[in-house]
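Encoded as structure tokens, the structure appears first; notes follow it.
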Amino acid sequence: MKSHHQVALSVLTLCISQQLYAQIDVSATGVAVNAATSEALASNSTSSSASTETPNVTLDTINVTAKARTGTALAQKISEMPAVTQVITENEIQMQATGDRTTGDILAQLIPSLGASSGSTSNYGTTMHGRPVQFLLNGVPLSSSRSLSRELNSIDSAQLERVEVLSGATSIYGAGAAGGLINLVTKSLVGYGPIRQTRVGVSSSRGFESDSLGYHVGQTLGYGGERVYGRLDVDYDSKGGKFDSKGNRISPDVNQTDQQDTESLSVNGSLGMELTDSQRLDLAVTYYKDEQDTDYGPDYGDGLGVLFGAKPSLKAIDGADVENEPYTTKTSMNLNYNNDDIAGSSLSVTGYYRDEKGRFYPSAKSAATQAAEVWQANGLTDEKTVNKLTSAAVFVTQSEADIEVMGLRAAMQTEIEIAGKKTLFSYGADFERENSEQTYYGQNLNTFLASNGLSAQTNGLTYNGGPDTTIDKWGAFVNADVDITDKWHTSAGVRYQKLKSETDAFTPIYEQLLEEYFNDPRISGTSAAYGIDYQAGDVEKGNTDHNKTLFNLGTSYQLTPNDQVFANFSQGFTTADIQRALRDVRAGFVVNSDNVQPIAINNYEFGWQGKHGDTAARLSGFYNESDKVVRFTDSYTVEVVDTDERVYGVEGSLSHDISDKWQVGGSVAYTRGQYDKDGDWLELDAVRLTPLKGTAFAQYNFDEGSNVRLQALAIGGDDEAFKDQQKDPDSSALPVTGYMTLDVLGQVKMPVGRVDYGVYNLLNKDYLTVYHQTTYGDLNRLPASGTTYGLSYTVDY
């Protein structure tokens, strides 16, 4: 096959619809990638377990194994990309994944600019360069306009072949990739003949308490034939409870849920067929489900005092009885047709589908503020009386959401010469439709009160968590990659993106709660005396229609055989989460394009990377800006405010081979940002920006493939945003206390198979993750896990 056509095929798909897809020679998923990209990807995937430095600098040419999937088609060899790009290899993932480590834990250790792991099910607040990240799974978008923030809780890490990272906004991927793109690529068939692998593992806390024990079992079966090839991975995981550095069980995360006492099933399948020498058809399917089953609940204090301002103990209380436990299910599939010989061009057509459902932990919701407004509007102004009456405006609900995404993309690539310069044109169009709905299920308040918050049983009532929403995304693009000289490469492109949304008529949740409150027998007598006959009002159906033209321009230059510099400008495009934005509005709100407008992000990057002898390094800087932000007003309207934001920073990495056995290295990322508040530039908080973050490692490689590694992750303390935002009455910024953790992990080559081990938080550090320090209220100030252990055994046969 013609490698330059394969290049074309993938970049095209890649450009299409915020995600890329690629295929190498005879691919198991039918995605095309150019030869240069193949070399870059292979340079990592075929390396030994010794080469686990973070990130890798790829300057050498290496052949790629046939029938390996790439979920993202990168336009050039990775070392020539005019942007900050990184590939995390299967070996690196394997080393980090032993025990109950999540994908978020792994990526936080290996991607310098990515936010630290939350320690919960959620990746809420996990940004790159201060902007949202577009997560993909084999090119299928995991990040939707409506996000449950569980993108990294979508696949078992044992099934990942690699992770591809492109930081910074990019017009190629359309809407949603304001901060960058992270593509999780699952394993596909490599080579010919049968493949089989069995995986078993255990995990535990420092004290080896019986209810902290977890285990993992997995199996892989596959076969590669002359024309047909397929693979199936199945992994089952059972996690125990988590314990802090003092040996106390950690309370559940009632805001975003956690992974304690959770069972999960992850399935990855691929099936491909070569129709002719130039045509391929490939199907990739993943299924993931986890569900919690725990006997522990949060401590709400005497008389549920925490809900009324009392300080929580943060203890996990035995005796919880939740009728419907939190869960996550995700199904994704994509069917790809490739033809790399159409009049000298390559065609790629991909259809994809994803369905995600998620349930959260039951929690109390107060309508006291809204009820007070109604009392005061009807003549009751005595503050003491109002406070007493509104104390009854407490409800218990449990949220459940369903998001369905389907899309189609078609792309062509043509390689020609213009004025003697090799030029690759990528052009195509894409369409995606997203349907989302969210429902709050009422819980029996008397049961909840009698159990002091430990028992949650449904009462048959339901509330709207915003309107049912349909969002259509249309896109068209053209991109040109030009080799100006053998050392100088440039890329330029333009994308037209159109976003349309339709929202159904709905009754806002606070309208429903207020009607229920004012008709409560405890309140109805007083409300009748003040002439209050509250009837819940509706919000009529509406629609929005936005479009944006996005540009990108980048260049890279090979200064020496070992040094390269690059610069890049690109634009990102994002809008508010419409369903979430409308959740808390009041009756009569009008949904139209004037309320929520798109926001364009201008992103600038520049940097250097090099490899000299046994030392590889990379240093880059970035700056991005936007001139609008979307926020709620005090009257529950949504408005686009001309409030400028700017985010900037630097990141770097270094690795050095001391000898053929010893390696050392590390990375650092510094991000800063401000927003304009009445002419003052105020610091952005740690929910938006990752605090100063550094990693370091030292690794020793034994003969025959065994190794041991000591690694550190450090987060810097920061209270500048907290101090600065005292000038902003709407601020919720909190200070961050820095911390550092140490891990020891490694691999032991056995006569048959391989043993992986890990000891995490080796020094039993007492700390809180950034997420638990800065989001939600005091009930979320949960400590991180103390020392934990993982041990696994893998055998191929």
Side-chain angles (χ1 to χ4, degrees), residues 11-20 72-76 81-85 128-136 139 141 143-145 166-183 407 409-413 424-432 434 471-482 490-501 544-555 566-576 593 596-605 622-630 640 644-647:
V11 179
L12 224 66
T13 307
L14 120 81
C15 301
I16 299 191
S17 177
Q18 325 162 358
Q19 61 264 30
L20 318 301
T72 299
L74 301 178
Q76 305 86 27
M81 285 287 288
V84 181
T85 308
M128 287 199 307
H129 295 181
R131 304 288 180 177
V133 179
Q134 171 74 294
F135 292 98
L136 307 174
S143 303
S144 308
S145 298
L166 183 62
S167 59
T170 169
S171 60
I172 286 180
Y173 308 109
L181 177 145
I182 295 178
N183 187 44
R409 58 193 183 219
M412 292 285 287
Q413 287 187 321
L424 175 67
F425 280 104
S426 305
Y427 45 96
D430 51 86
F431 170 75
E432 179 180 287
E434 173 190 328
I471 298 177
D472 288 340
K473 303 176 183 179
W474 301 83
F477 72 92
V478 59
N479 197 82
D481 294 289
V482 184
T490 189
S491 176
V494 59
R495 178 182 179 88
Y496 175 79
Q497 183 75 54
K498 186 177 182 64
L499 297 177
K500 296 184 67 176
S501 72
T544 65
D545 190 346
H546 301 118
N547 61 80
K548 199 76 175 177
T549 301
L550 306 168
F551 300 92
N552 62 278
L553 175 64
T555 187
F566 62 86
N568 188 55
F569 166 77
S570 59
Q571 291 184 307
F573 179 50
T574 185
T575 59
S593 299
V596 181
Q597 297 179 9
I599 301 174
I601 294 95
N602 294 323
N603 183 74
Y604 307 84
E605 295 179 88
F622 67 89
Y623 176 87
N624 63 65
E625 61 184 5
S626 61
D627 62 357
K628 294 183 180 68
V629 294
V630 177
V640 177
D644 294 343
E645 282 189 347
R646 60 190 186 192
V647 180

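Here the structure is a predicted model, which means the values were calculated and not measured.
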Just how far is it from atom [atom1] of [X] to atom [atom2] of [Y], taken to the nearest 0.5 Å?
X	Y	atom1	atom2	answer
Ile471	Glu432	CD1	CD	9.5 Å
Leu499	His546	CG	NE2	8.0 Å
Ile182	Phe135	CD1	CZ	4.5 Å
Phe569	Asn552	CZ	CG	9.0 Å

### Heavy-atom side-chain contact between Lys500 and Asn547 under 4.5 Å
no

### Message
Counting C-beta onward and ignoring hydrogens, is there a side-chain heavy-atom pair between Arg131 and Asn603 closer than 4.5 Å?
### Response
no

Do you know the tightest heavy-atom contact between [X] and [Y]?
X	Y	answer
Thr544	Ser593	CA-OG, 3.3 Å
Ser143	Gln134	CB-OE1, 2.8 Å
Leu553	Ala492	CD1-CB, 3.8 Å
Gln497	Trp474	NE2-O, 3.1 Å
Asp627	Asp644	CA-OD1, 3.3 Å
Ser145	Glu434	N-OE1, 2.9 Å

### Task
Name the orientation class of the two ring planes belonging to Phe622 and His129 (parallel below 30°, tilted from 30 to 60°, perpendicular beyond 60°).
parallel

### Query
Does the pair Asn624 and Glu645 meet the rule for a side-chain contact (heavy atoms from CB on, under 4.5 Å), with working shown?
CA-CA 8 Å; Asn624 63 65; Glu645 282 189 347; over 6 Å; no

### Query
So, the side chain of Ser626 versus the backbone of Ala600: is there a donor-acceptor pair under 3.5 Å, distance only?
no

